[in-house]
Amino acid sequence: MASSGSGLTFKLHPLVIVNISDHYTRVKSQMNPPSLSSSSPSPCALSNGADVADSADPSTSPPAPRVYGCVVGVQKGRTVEIFNSFELLYDPKTHSLDRTFLEKKQELYKKVFPHFYILGWYSTGSDAMESDMHIHKALMDINESPVYVLLDPSINHAQKDLPVTIYESELHLIEGIPQLIFVRSSYTIETVEAERISVDHVAHLKPSDGGSAATQLAAHLAGIHSAIKMLNSRIRILHSYLLAMQNGDIPLENSLLRQVSSLLRRLPVIESEKFRDDFLTEYTDTMLITYLAMSTNCSSAMNELIEKFNIAYDRHSRRGGRTVFI
């Protein structure tokens, strides 16, 4: 599929991904409700709805449903920022939307968020389908160039990137006939402080199966290891690219060099004297807190031992016994 040439910059907020995942999980659960003997889904289903919904045996479960909704946000110049979403009522047989429901939701949303506008719509699936263009065209009376956000709910453990694709529509000549087609667009994840706190809270919720603290710690460390490994691989790719550019194997790109220079300027200068002093101060404070915690635990254990000894001594004394200490 072709890439977009509109020059728009898309910023996607995590709340949109969570909403789509939650929408899909609820619809999937209603189509295939769990038995009374099965355990309830994890509270993390909001952030990992695809894993919960698609964990059933595909040979016995019905085909995966498709959910539909609108994405809202703001557009400032060439930057499109998608903040939130809401669900839509869609009839797959007639390929039509419930316009009354859509207009009512839009009116209610404008009362709460007057600066947000409908930027497009979302759905779930592995790839854009021909029938998706019917919905896309139906929303052009609200937004002349709607955005299509597609979430792939299938589980792919080898995939490192988010299973989210953003499409734009462009008019192309196909066999002499002008037709609208979907083209992929790149995007970045944009977060605010409240979203970071919420996502972190959902990610650290304890599983309903009563997993131990060691299991949760291992999963957390595995996530950190994967993130560091991915960062290292991307840094290696960038380093190899810059070396090839320096050796003249590939043409020089000043725009890329400016981006790399800007990225490097954001990093803290770790070789300065101030950094070493701050690091040693933080390290000393951390070690001191650790030492105090160990001392407190040792004192607490000693007090418990003395209390047990006193109880045993009192019982022995009341029985008229005699204790000899050596």
Side-chain angles (χ1 to χ4, degrees), residues 9-18 43-44 46-48 76 79 81 83 159-162 186-207 211-250 252-306:
T9 301
F10 291 96
K11 296 181 179 181
L12 183 64
H13 283 253
L15 181 59
V16 179
I17 304 176
V18 174
C44 296
L46 286 176
S47 63
N48 199 7
K76 297 180 180 179
T79 301
E81 193 164 357
F83 282 94
Q159 184 176 359
K160 297 181 179 180
D161 297 329
L162 287 173
S186 59
Y187 65 92
T188 57
I189 298 297
E190 189 78 10
T191 60
V192 295
E193 186 66 24
E195 287 178 319
R196 286 193 289 269
I197 295 174
S198 300
V199 172
D200 183 72
H201 173 71
V202 172
H204 288 83
L205 286 175
K206 292 184 178 180
S212 63
T215 304
Q216 298 176 31
L217 177 61
H220 177 65
L221 294 178
I224 295 178
H225 178 267
S226 299
I228 296 176
K229 185 177 179 181
M230 182 185 301
L231 177 62
N232 181 52
S233 63
R234 295 187 177 183
I235 291 176
R236 287 179 179 274
I237 293 174
L238 182 60
H239 182 255
S240 302
Y241 187 82
L242 293 176
L243 286 179
M245 188 181 297
Q246 183 181 15
N247 297 332
D249 298 334
I250 57 177
L252 186 68
E253 293 188 16
N254 293 324
S255 60
L256 179 61
L257 293 177
R258 284 193 294 268
Q259 293 180 17
V260 174
S261 177
S262 176
L263 179 63
L264 294 177
R265 282 197 296 267
R266 299 179 186 176
L267 299 176
V269 183
I270 61 176
E271 297 297 333
S272 64
E273 189 69 26
K274 184 177 183 304
F275 174 80
R276 286 195 292 269
D277 293 340
D278 293 342
F279 175 77
L280 290 177
T281 301
E282 292 289 340
Y283 179 76
T284 305
D285 293 343
T286 304
M287 295 301 295
L288 179 60
I289 293 174
T290 305
Y291 178 75
L292 291 176
M294 294 179 64
S295 300
T296 303
N297 292 334
C298 183
S299 300
S300 178
M302 184 65 70
N303 290 332
E304 290 180 1
L305 179 61
I306 293 175

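Only a predicted model underlies this, so the values are computations on that prediction, with no experimental measurement involved.
Between the CE atom in M245 and the CD1 atom in I250 there is a gap of 4.5 Å [rounded to 0.5 Å]. For the atom pair CD1 (I224) and CD1 (I228), the distance works out to 6.5 Å, reported to the nearest 0.5 Å. Rounding to the nearest 0.5 Å gives a distance of 9.5 Å between CG of N303 and SG of C298. Taking CG of N232 as the reference point, atom CZ of R234 lies at 12.0 Å (rounded to 0.5 Å). Atoms CG and CG, from L257 and N254 in turn, are 6.0 Å apart once rounded to the nearest 0.5 Å. To the nearest 0.5 Å, the span separating OG1 on T284 from CZ on F279 amounts to 9.5 Å.
In this structure, D249 and L243 have side chains that are not in contact, with every pair of non-hydrogen atoms separated by 4.5 Å or more. Inter-residue side-chain proximity for Y187 and L162 is flagged as met; some heavy-atom pair is nearer than 4.5 Å.
Of all non-hydrogen atoms in H13 and T191, the two that sit nearest each other are ND1-CA, 4.3 Å.
A donor-acceptor pair under 3.5 Å is formed between the side chain of T296 and the backbone N or O of L292. Judged by distance alone, with hydrogens and angles left aside, the side-chain atoms of S262 form no donor-acceptor pair with the main-chain N or O of R258 at under 3.5 Å.
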